[in-house]
Amino acid sequence: MATELQQLAHAVQCAYDPSASVAGGALERQAMQLQATQYCESVRSSAGGWRLALELFVTADASPHAKFFALSTLQEGLGGRHQAVSVPPLKQACRQEVRQRLFQWLSARAATIDGEESYLRTKLAVVLALLLKNDYPERWPTAFSEVFQLVGHGPALAELLLRTLCAIDEEIVAYHVDRRSDEVAHNSLIKDTMRATSCVADLSAAVQAVVRTYESSAPPLAELALTTFQRYIGWIDAAYMLDECFMALLYE
């Protein structure tokens, strides 16, 4: 595994990092980049490619390009759109392993995740949203409670929570996206379950907590919380926006 990871990390750097130094003339560099790209795509489309990608992402010294490749591979395996190659869909046991490792990584990186590139945090949020989309509520009933726990671990994870909620809106709620009939049915089940449980109340509480905590110290984060909540108000109970605490916060 260590050798494969090193090979993959080197190939990603050669294929996708424009600043990477490649020996030889122009033709040799082009040939090397093509070979590296083909190797990366062969890993991405292989049955075990998701596990290599996951290991690459959590590797301490992985480059931003390596992490982006890893998250993109996981995204495609979870059913993300715009697939570049044929990526085998992740089975339930594989998805469970992915989310366990990612939450462990988040726990360990809580204080430093804001050092990651913005596009990586957005891509990570999309992967978390797709994990939830695949397995909530049947196989991962605690998904939202685990995601909402991010809000209490500093501004960086609070921002990741909001990015994840935005990605959930895009993947599950948004009406302008063409979806298969089975996907529409499962998305409806997700929304119905959210409304029938404490999920929406917890969502409202998480938004309020972010606004209250960061309205002075990090106004853009508080604004992002309200903008995120705006995505949901079209289909949740209006009482969650009109309760006394939330209205007082808005009037402030």
Side-chain angles (χ1 to χ4, degrees), residues 1-2 4-6 8-13 16-20 40 50-78 80 95-132 140 142-168 170 202-203 205-228:
M1 175 71 79
E4 290 177 298
L5 278 178
Q6 291 172 354
L8 181 57
H10 179 71
V12 170
Q13 182 182 19
Y16 303 113
D17 184 355
S19 65
C40 290
W50 68 272
R51 179 168 278 114
L52 265 179
L54 180 60
E55 292 297 333
L56 181 62
F57 177 77
V58 300
T59 300
D61 58 351
S63 69
H65 288 87
K67 290 179 181 178
F68 187 81
F69 171 85
L71 290 174
S72 297
T73 300
L74 295 175
Q75 177 185 358
E76 292 167 9
L78 291 167
R95 297 194 300 268
Q96 184 175 357
E97 181 178 344
V98 169
R99 71 174 186 251
Q100 287 175 343
R101 295 292 301 280
L102 290 182
F103 274 96
Q104 289 172 357
W105 183 87
L106 284 171
S107 178
R109 296 294 307 273
T112 58
I113 192 174
D114 57 341
E116 300 289 345
E117 301 288 347
S118 177
Y119 64 85
L120 287 177
R121 284 177 277 149
T122 297
K123 183 68 76 174
L124 176 57
V126 171
V127 170
L128 293 176
L130 288 171
L131 285 167
L132 186 147
W140 189 20
T142 60
F144 277 100
S145 61
E146 292 181 42
V147 169
F148 288 140
Q149 288 176 6
L150 298 175
V151 78
H153 297 279
L157 288 189
E159 183 194 32
L160 180 63
L161 165 64
L162 298 174
R163 289 174 185 251
T164 303
L165 290 175
C166 289
I168 288 171
E170 289 291 332
D202 293 340
L203 188 155
V207 168
Q208 290 186 47
V210 173
V211 176
R212 179 70 70 188
T213 303
Y214 300 107
E215 59 179 330
S216 297
S217 61
L221 184 55
E223 181 180 354
L224 177 60
L226 294 175
T227 302
T228 301

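Residue numbers run from 1 in the order of the sequence given.
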Chemist: Could you work out, with side-chain contact (heavy atoms from CB on, under 4.5 Å) as the rule, every residue matching Ser145, not counting sequence neighbours?
Modeler: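 Residues passing side-chain contact (heavy atoms from CB on, under 4.5 Å) with Ser145: Thr142.
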Chemist: Under 3.5 Å, sequence neighbours excluded: what are the donor-acceptor pairs made by side chains of residues 116-130?
Modeler:
residue : atom : partner : partner atom : Å
Glu116  : OE1  : Lys67   : NZ           : 3.1
Glu116  : OE2  : Lys67   : NZ           : 2.8
Glu116  : OE2  : Arg109  : NH1          : 2.9
Glu116  : OE2  : Arg109  : NH2          : 2.9
Ser118  : OG   : Arg163  : NH2          : 3.1
Arg121  : NE   : Glu116  : O            : 3.3
Arg121  : NH1  : Glu159  : OE1          : 2.4
Arg121  : NH2  : Glu116  : O            : 3.4
Thr122  : OG1  : Ser118  : O            : 3.2
Thr122  : OG1  : Arg163  : NH1          : 2.3
Lys123  : NZ   : Gln75   : OE1          : 2.7

Chemist: Thr164 versus Phe148: any side-chain heavy-atom pair under 4.5 Å?
Modeler: no
Chemist: Could you tell me which residues satisfy ring pair (Phe, Tyr, Trp, His ring centres under 6.0 Å) with Phe69, sequence neighbours excluded, listed by chain and number?
Modeler: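 Ring pair (Phe, Tyr, Trp, His ring centres under 6.0 Å) list for Phe69, sorted by chain: empty.
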Chemist: Do Val207 and Val151 touch side chain to side chain, with heavy atoms closer than 4.5 Å?
Modeler: no
Chemist: Only counting residues at least two apart or in another chain, list the ones meeting side-chain contact (heavy atoms from CB on, under 4.5 Å) with Thr59.
Modeler: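 Only Leu5, Asp61, Ala62 meet the side-chain contact (heavy atoms from CB on, under 4.5 Å) criterion with Thr59.
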Chemist: Taking Phe103's backbone N and O only, do any of them form a donor-acceptor pair with Ser107's side chain (distance below 3.5 Å, no angle check)?
Modeler: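 No, because the side chain of Ser107 does not come within donor-acceptor range (under 3.5 Å) of the backbone of Phe103.
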Chemist: Test side chain to side chain contact (heavy atoms under 4.5 Å, CB included) on Leu162 and Leu221 and set out the steps.
Modeler: CA-CA 9 Å; Leu162 298 174; Leu221 184 55; 3.8 Å; yes
Chemist: Could you tell me whether the side chain of Leu56 reaches within less than 4.5 Å of the side chain of Leu52, counting heavy atoms only?
Modeler: no
Chemist: Can you tell if the side chain of Glu146 reaches within under 4.5 Å of the side chain of Trp140, non-hydrogen atoms only?
Modeler: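 A side-chain contact under 4.5 Å exists here.
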Chemist: Quick one: which residue pairs count as a side chain to side chain donor-acceptor pair (under 3.5 Å) with a foot in residues 210-223, not counting sequence neighbours?
Modeler: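 Non-adjacent pairs meeting side chain to side chain donor-acceptor pair (under 3.5 Å): Arg212-Glu252.
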Chemist: Any heavy-atom pair between the side chains of Val147 and Leu161 that's under 4.5 Å?
Modeler: yes
Chemist: Taking C-beta and beyond as the side chain, do Val98 and Trp50 meet within less than 4.5 Å on heavy atoms?
Modeler: yes
Chemist: My understanding is that only residues two or more places apart in sequence, or in another chain, count here; which of them pass side chain to side chain donor-acceptor pair (under 3.5 Å) with Gln149?
Modeler: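 Partners of Gln149 by the side chain to side chain donor-acceptor pair (under 3.5 Å) criterion come out as none, since no residue qualifies.
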